[in-house]
Amino acid sequence: MSALTSRPSAGSALRFGRFAAMGTVAVLLLIAGVWASWGTAQHVMLTKGRERGTMTVTRCADDRCTGTYAPVSAGSTGRERVTISSTVVVDKGETYAVVVKPGSNEVVRTGPGGLLYAWVPLGGALLLASLVVAGGLRLPRLAWLLGGAGLTLLTAAFVAL
């Protein structure tokens, strides 16, 4: 009889161990997604006191585009050359609303497109976490919710840009 009573507790310990390990992986994926997104998102979301203006794209090469910066906010100065990631820019010759990263000549696109693009790493993390939640935690409803949120975020960013 003692062998039968020890088996359920061993099974419970394994289930708890799997739940704890997979839960930790899912949470770490989400934290990493927020961390990766925040580097850009903070400039887009917290624009008070930052240099805001417009960038006219003049040239794109590799993964960067360059152009001129015209200030819009008080205290901002114009620049002959600023850079932006080419994945955020659509066409040369176009003008985009941007924010200058402090202490650099690098700009970040603002507005709905820039905001959604800044959170794309979180969208990817949500998709990955949904797989961990579905397979490792066996919580299909939560997995569908996480996956749906990630897919919605990535689709909205794609459409907005």
Side-chain angles (χ1 to χ4, degrees), residues 20-137 139 141-161:
M22 292 296 109
T24 301
V25 169
V27 168
L28 286 175
L29 282 169
L30 294 175
I31 290 171
V34 170
W35 185 273
S37 296
W38 187 247
T40 303
Q42 67 177 321
H43 302 294
V44 178
M45 295 172 63
L46 306 173
T47 60
K48 186 176 181 180
R50 299 192 193 268
E51 292 185 73
R52 289 171 292 165
T54 59
M55 175 191 182
T56 303
V57 178
T58 56
R59 188 172 89 87
C60 290
D62 297 325
D63 63 340
R64 309 295 296 166
C65 289
T66 58
T68 58
Y69 170 78
V72 172
S73 63
S76 181
T77 58
R79 293 175 171 82
E80 289 298 317
R81 184 171 185 233
V82 291
T83 61
I84 191 169
S85 172
S86 65
T87 56
V88 182
V89 176
V90 180
D91 291 319
K92 291 191 298 187
E94 293 291 322
T95 301
Y96 299 98
V98 294
V99 171
V100 179
K101 286 186 176 182
S104 72
N105 281 333
E106 188 174 346
V107 295
V108 179
R109 189 168 169 185
T110 59
L115 180 64
L116 289 169
Y117 179 76
W119 289 105
V120 162
L122 177 61
L126 285 166
L127 286 175
L128 286 173
S130 73
L131 296 175
V132 172
V133 169
L137 297 178
L139 297 171
R141 289 183 183 149
L142 181 59
W144 277 109
L145 181 70
L146 290 173
L151 187 62
T152 301
L153 179 57
L154 292 174
T155 303
F158 177 76
V159 169
L161 290 176

- Approximate separation, where rounding is to 0.5 Å, of T152 OG1 and L116 CG: 11.0 Å
- Task: Determine yes or no for a side-chain-to-main-chain donor-acceptor pair under 3.5 angstrom, with E51 supplying the side chain and P71 the backbone.
- Result: no
- Message: Looking at S76 and V72, would you say the former's side chain and the latter's main chain have a donor-acceptor pair under 3.5 Å?
- Response: no
- Query: Quick check: does any side chain N or O of S73 sit under 3.5 Å from a backbone N or O of R52, one acting as donor and the other as acceptor?
  - Reply: yes
- Item | Minimum heavy-atom distance A125-G33, with the two atoms named | CB-CA, 3.7 Å
- Between Y117 and T40, a side-chain donor and acceptor under 3.5 Å: no
- Message: Just verifying a value: how many Å separate L151 CG and L146 CG, rounded to the nearest 0.5 Å?
- Response: 12.5 Å
- Which atoms form the tightest heavy-atom contact between S86 and C65, and what is the distance? CB-SG, 3.6 Å
- Note on the structure: In this structure, OG1 of T54 is separated from OH of Y69 (nearest 0.5 Å) by 8.0 Å
- Note on the structure: Nearest heavy-atom approach of G147 to L127 is O-CD2, 3.4 Å
- Message: Would you say CZ of R81 has more than 12 non-hydrogen atoms from neighbouring residues, nucleotides or ligands within 6.0 angstrom?
- Response: no
- Would you check, one step at a time, whether the test side chain to side chain contact (heavy atoms under 4.5 Å, CB included) holds for L153 with V120? CA-CA 7 Å; L153 179 57; V120 162; 5.8 Å; no
- Query: How far does CG of L128 sit from CG of L28, to the nearest 0.5 angstrom?
  - Reply: 13.0 Å
- What's the shortest heavy-atom distance between L137 and M22, and which atoms? CD2-CB, 3.6 Å
- Would you say R79 and V100 make side-chain contact, with heavy atoms under 4.5 Å? yes
- Message: If only side-chain N and O atoms count, and only distance matters, is there a donor-acceptor pair under 3.5 Å linking T83 with T66?
- Response: no
- Message: Distance check, rounded to the nearest 0.5 Å: E94 atom CD versus T56 atom OG1?
- Response: 9.5 Å
- Item | Minimum-distance pair of heavy atoms, taken over all atoms of V108 and K101 | CG2-CE, 3.4 Å
- Query: R50 and Q42: which non-hydrogen atoms are nearest, and at how many Å?
  - Reply: NH2-O, 3.8 Å
- Message: Quick check for you: to the nearest 0.5 Å, what is the distance between R64 atom CZ and S85 atom OG?
- Response: 5.5 Å
